[in-house]
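To start, the structure itself, in structure tokens.
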Amino acid sequence: MYLVTITGNLLIILAVCSSSHLHTPMYSFLSILSTADIGFTSTTMPKMIWDIHTQRRTISHTGCLVQLSLFHLFGCMDSTILTVMAYDRFVAICHPLHYPVIMNPRLCSWLLLASAFFSLLDSQAHCLMMAQLTFCTHVEIPHFFCDPPQLLRLSCGDTSTDNLLMYFISAIFGGAPVSGILYSYFRIVSSVLRVSSTGGRSKAFSTCGSHLSVVCLFYGTGIGVYLTSAVSQSPRKGAVTSVVYSMVVPMLNPFIYSLRNKDIKRAFQKLLNRTTQS
């Protein structure tokens, strides 16, 4: 699964970089999303595979904090890039004549910088909060990576304040992107419903079908992880839902975009032809 994830997302990046007609904001954001997906899975999966191979399931305190920090960095980057892509679809559908002017290279660069800064804040907030925890002795984390809810349960001190702070941080850094996506799609649906022809409506919805599928998959599994950790006391259930969230979703993203997108298919064909000829 890890190899499929890396290969699929690398192919998306290569297709976008090698095809000049894909040098547009939408596909540039897609390549950044694929890069974030690679980082998202690479923070946990290689360590888990190594632990299975060597039967040494240990990690240092510093390594645990680094893993946690990178996991939240790339996870939040996924979320913010999906929000930026929703805004791009909103401009393309609701203001098609002004799209080249609005989505200029300068704005796209600022959007990417803002996404990276927002993700870094989320990452460091979780890292600093977990760094304050104290543990009585060597502990066994019932998970395949350093998950904040599990670390809070294993801490020796009173973690009621930390629990509230963790959910507050998650609500801020998770709620802001979700609000942006919902607002963009509310405006998109309102604009599309005003189109008189059925063909025009279906064409407008088809342009954001892949993105909407990825959004539902990403946030659906993400909400499932947090609900499972909050409601269920079973570490096994939390680990299973986390595998779906951190492994299955990044693996499916390239398939969703490539199978539903003719431009990506054409770019893959050209890339394959170049490779065969060389």
Any sub-3.5 Å donor-acceptor pair from [X]'s side-chain atoms to [Y]'s backbone N or O?
X: Ser155; Y: Leu152; value: no
X: Asn9; Y: Pro250; value: yes
X: Ser60; Y: Gly63; value: yes
X: Ser191; Y: Arg187; value: no
X: Thr83; Y: Ser79; value: yes

Grouping I, L, V, M, F, W and Y whenever their side-chain heavy atoms are under 4.5 Å apart, do [X] and [Y] come out in a common cluster?
X: Ile52; Y: Trp50; value: no
X: Val66; Y: Ile49; value: yes
X: Trp110; Y: Ile81; value: no
X: Leu133; Y: Leu154; value: yes
X: Leu182; Y: Leu212; value: yes

Close side-chain approach of [X] and [Y], heavy atoms under 4.5 Å:
X: Ser115; Y: Val84; value: yes
X: Leu73; Y: Asp122; value: no
X: Ser190; Y: Phe186; value: yes
X: Leu121; Y: Phe117; value: yes
X: Val4; Y: Phe255; value: yes
X: Met103; Y: Leu111; value: yes
X: Tyr185; Y: His211; value: yes
X: Leu68; Y: Pro148; value: yes

Verdict with reasoning, His72 to Phe40, per ring pair (Phe, Tyr, Trp, His ring centres under 6.0 Å): CA-CA 8 Å; His72 281 276; Phe40 188 55; 9.1 Å; no

side-chain contact (heavy atoms from CB on, under 4.5 Å) partner of Val249, chosen from Val214, Thr41, Asp78, Leu217: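 Exactly one candidate clears the test, Leu217.
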
Hey, what do you get for [atom1] ([X]) to [atom2] ([Y]), rounding to the nearest 0.5 Å?
X: Leu151; Y: Met129; atom1: CG; atom2: CE; answer: 9.5 Å
X: Leu164; Y: Ile169; atom1: CG; atom2: CD1; answer: 11.0 Å
X: Glu140; Y: Gln150; atom1: CD; atom2: CD; answer: 11.0 Å
X: Ser184; Y: Leu82; atom1: OG; atom2: CG; answer: 11.5 Å
X: Asp37; Y: Ser42; atom1: CG; atom2: OG; answer: 10.0 Å
X: Ile59; Y: Gln67; atom1: CD1; atom2: CD; answer: 4.5 Å

Closest approach of [X] and [Y], non-hydrogen atoms and distance?
X: Thr5; Y: Met251; value: OG1-CB, 3.2 Å
X: Leu65; Y: Met130; value: CD2-CB, 3.9 Å
X: Val248; Y: Met1; value: CG2-CE, 3.7 Å

Show me the donor-acceptor pairs, under 3.5 Å and distance only, between side chains in residues 25-33 and residues at least two apart or in other chains.
residue	atom	partner	partner atom	Å
Tyr27	OH	Asn261	OD1	3.1
Tyr27	OH	Asn261	ND2	3.1
Tyr27	OH	Asp263	OD2	3.0
Ser28	OG	Thr24	O	2.9
Ser31	OG	Ser28	O	2.6

Could you give me the CA-CA distance, side-chain angles and deciding distance for Ile141 and Cys146, then say whether side-chain contact (heavy atoms from CB on, under 4.5 Å) is met? CA-CA 7 Å; Ile141 304 171; Cys146 292; 4.0 Å; yes

Should the heavy atoms of other residues, nucleotides or ligands under 6.0 Å from CZ of Phe135 be counted, would the total exceed 12?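 It does: Phe135 CZ has more than 12 such atoms within range.
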
Quick check: are there more than 12 heavy atoms from other residues, nucleotides or ligands sitting under 6.0 Å from NE2 of His21?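 Yes, the 6.0 Å shell around NE2 holds more than 12 heavy atoms from other groups.
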
Run the side-chain contact (heavy atoms from CB on, under 4.5 Å) test on Ser246 and Phe144 for me, step by step, so that the C-alpha distance in whole Å, both residues' side-chain angles and the decisive distance to 0.1 Å come before the verdict. CA-CA 11 Å; Ser246 61; Phe144 65 93; 3.6 Å; yes

Hey, are Ser123 and Ser69 close enough side-chain-wise for a donor-acceptor pair under 3.5 Å?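 The criterion, which ignores hydrogens and geometry beyond distance, is satisfied for Ser123 and Ser69.
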
Derivation of the side-chain contact (heavy atoms from CB on, under 4.5 Å) call for Tyr2 and Met247: CA-CA 7 Å; Tyr2 180 62; Met247 199 63 234; 4.0 Å; yes

Kindly list each side-chain donor-acceptor pair under 3.5 angstrom involving residues 86-102, sequence neighbours excluded, with atom names and distances?
residue	atom	partner	partner atom	Å
Asp88	OD1	Tyr99	OH	2.5

Would you please test Ile13 and Ile38 for side-chain contact (heavy atoms from CB on, under 4.5 Å) and show each step? CA-CA 11 Å; Ile13 296 170; Ile38 291 174; 4.1 Å; yes

